[in-house]
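To start, the structure itself, in structure tokens.
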Amino acid sequence: MEVRMERREGALLAVPEGRIDSATARDFESKMKAAIQDDDRAVVVNLSQLSYISSAGLRAVLVIAKGLWRRDASFALCALPDTVREIVQLSGFDKIIQIHGSEVEALDAVGN
């Protein structure tokens with residue numbers, strides 16, 4: 001699993017590719033934590049290149065989100081493929097994490 005990172009419109013944008021499952025969730029979480037700087041006020045994860053996310057992957061997402069929320073930073077997911085969206089909705093994560101249809105919408109939302 002690869003994770004592309006860039007800074008755009010004042011936010012850290014991450015784009016994981018492949019799967020976030022029990023074999024890759026810790027790696028994803030570590031890469032995200034290493035990329036998030038103390039002064040980051042917003043993080044967006046674009047899931048458009050993700051084929052699958054497991055409960056371990058969802059846990060990693062939640063750990064990252066909680067760390068940001070503790071310091072009043074914004075966190076959002078965007079561009080979820082249908083299979084990933086279904087898993088996120090079944091888990092109830094769509095009730096606690098901002099989810100946007102596109103990267104542009106997500107960056108706009110966390111920037112405000």
Side-chain angles (χ1 to χ4, degrees):
M1 183 218 38
E2 293 295 320
V3 182
R4 288 182 289 124
M5 307 269 192
E6 66 180 89
R7 298 201 180 276
R8 193 177 314 161
E9 298 182 31
L12 174 64
L13 174 65
V15 185
E17 298 176 12
R19 299 169 57 95
I20 304 177
D21 55 23
S22 59
T24 60
R26 283 190 180 180
D27 185 41
F28 171 72
E29 185 179 331
S30 294
K31 287 178 180 177
M32 290 296 299
K33 285 181 174 180
I36 297 169
Q37 298 175 357
D38 290 340
D39 61 345
D40 281 330
R41 304 308 312 148
V43 174
V44 171
V45 181
N46 179 332
L47 299 181
S48 64
Q49 301 302 306
L50 205 65
S51 59
Y52 176 75
I53 190 165
S54 71
S55 59
L58 291 173
R59 181 197 167 283
V61 167
L62 187 59
V63 167
I64 294 159
K66 283 184 172 183
L68 289 161
W69 295 336
R70 274 192 219 95
R71 57 188 187 136
D72 291 324
S74 298
F75 179 79
L77 301 175
C78 69
L80 284 67
D82 290 341
T83 54
V84 173
R85 179 179 300 282
E86 185 176 329
I87 294 165
V88 168
Q89 289 173 334
L90 285 172
S91 69
F93 272 51
D94 60 325
K95 306 281 190 278
I96 58 173
I97 293 176
Q98 289 185 55
I99 301 197
H100 300 279
S102 72
E103 193 174 282
V104 171
E105 290 172 15
L107 288 169
D108 185 49
V110 299
N112 293 326

First locate atom CG of Leu13, then atom CZ of Arg8, and finally report the distance between them rounded to the nearest 0.5 Å. 5.0 Å
Here the gap from Ile97 atom CD1 to Phe75 atom CZ, rounded to the nearest 0.5 Å, amounts to 5.5 Å
For a salt bridge (charged side-chain N to carboxylate O under 4.0 Å, His left out) with Glu29, tell me which candidate from Lys31, Lys33, Arg26 qualifies. Lys33
Glu2, CD: over 12 other non-hydrogen atoms inside 6.0 angstrom: no
Leu77 and Val61: CA distance, side-chain angles, deciding distance, side-chain contact (heavy atoms from CB on, under 4.5 Å) verdict: CA-CA 9 Å; Leu77 301 175; Val61 167; 4.3 Å; yes
When clusters are formed by joining ILVMFWY residues with side-chain heavy atoms under 4.5 Å apart, either directly or through shared neighbours, do Val63 and Val84 land in the same one? no
Other residues, nucleotides, ligands: >12 heavy atoms within 6.0 Å of Asp82 CG: no
For the residue pair Leu62 and Ile96, establish whether any side-chain heavy-atom pair is separated by less than 4.5 Å. yes
Could you see if Val88 belongs to whatever hydrophobic cluster contains Val44? Use Ile, Leu, Val, Met, Phe, Trp, Tyr and a side-chain cutoff under 4.5 Å. no
Say you draw a straight line from CD1 of Ile53 to CZ of Phe28; how long is it, rounded to the nearest 0.5 Å? 7.0 Å
Connected via hydrophobic side-chain network under 4.5 Å: Ile87 and Ile64: yes
Is there a path of hydrophobic side-chain contacts, each under 4.5 Å between heavy atoms of I, L, V, M, F, W or Y residues, that connects Leu107 with Leu12? no
Under the side chain to side chain contact (heavy atoms under 4.5 Å, CB included) test, which residues partner Val104, sequence neighbours left out? Ser102
Scanning both residues in full, the closest heavy-atom pair of Pro16 with Asn46 reads CD-O, 3.3 Å
How close do Ala73 and Asp40 get, heavy atom to heavy atom, and via which atoms? CB-O, 3.8 Å
When every non-hydrogen atom of Arg85 is compared with those of Leu80, the smallest separation belongs to CA-CD2, 3.8 Å
Nearest-0.5 Å distance that lies between atom OG in Ser54 and atom CD1 in Ile20: 8.5 Å
Write down the atom of Ala35, the atom of Arg7, and the distance for their closest heavy-atom approach. O-NH2, 3.0 Å
Does the pair His100 and Asp108 meet the rule for a side-chain contact (heavy atoms from CB on, under 4.5 Å), with working shown? CA-CA 10 Å; His100 300 279; Asp108 185 49; over 6 Å; no
If the condition is side chain to side chain contact (heavy atoms under 4.5 Å, CB included), which residues does Gln49 pass it with, not counting sequence neighbours? Arg4, Val15, Glu17
Closest non-hydrogen contact found for Leu68 with Ser74 is CD1-O, 4.2 Å
Assess, by modelled atom type and distance only, whether the side chains of Asp21 and Thr24 contain a donor and an acceptor separated by less than 3.5 Å. yes
Considering all heavy atoms, the nearest Glu103-Cys78 contact: CA-SG, 3.6 Å
Counting only heavy atoms not in Arg59 (residues, nucleotides, ligands), do more than 12 fall under 6.0 Å from its CZ? no
